[in-house]
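Comments concern the structure below.
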Amino acid sequence: MGVYKDEQGEIFAINITCTHMGCDLVWNTAELSWDCPCHGSRFNYKGEIIEGPALKTLRSKDAIRFNP
Ligand code: FES
């Protein structure tokens, strides 16, 4: 799981296994994105695709979104 807390205190926890071929994503502090070291896919903190080659968002059923 990867967890990001936004400026309003909302927390986003998602599965950070890349949907392309299964590599573990790495947090990019400068861009606030989850980046894949294998083939370069990038996802935002909500799990939406920024760039491929991945074609699927991070699994939404694993997303947890709540306010404190
Ligand atoms: S495994 Fe992540 S881009 Fe290929």
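Both counts, for ligands and for their atoms, begin at 1 and track the order of listing. Numbering starts at 1 and runs along the sequence shown. All values reported here derive from a predicted model rather than from experimental measurement.
Nearest approach of Ser33 to Ile50, heavy atoms of both residues: CB-CD1, 3.8 Å. Gly40 and Pro53 get closest at one heavy-atom pair: C-CD, 4.5 Å. Taking each heavy atom of Asn28 and Ala30 in turn, the nearest pair found is OD1-N, 3.1 Å.
Annotation for ligand 1: atoms under 4.0 Å from non-hydrogen atoms of Cys18 are 1 (S), 2 (Fe), 3 (S).
Under 4.0 Å from ligand 1, the heavy atoms of Cys36 that appear belong solely to its side chain.
For atom 3 (S) of ligand 1, the nearest protein heavy atom (residue, atom name, distance) is Ser41 OG, 3.2 Å.
Between the side chain of Ser41 and the backbone N or O of Ala54, at least one donor-acceptor pair lies under 3.5 Å.
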Q) Please walk me through it: do Tyr45 and Trp27 pass ring pair (Phe, Tyr, Trp, His ring centres under 6.0 Å)? A) CA-CA 9 Å; Tyr45 60 84; Trp27 179 245; 7.4 Å; no

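The name of the N, O or S atom in His39 nearest to atom 4 (Fe) of ligand 1 is ND1. Among heteroatoms of the N, O or S kind in His20, ND1 lies nearest atom 4 (Fe) of ligand 1.
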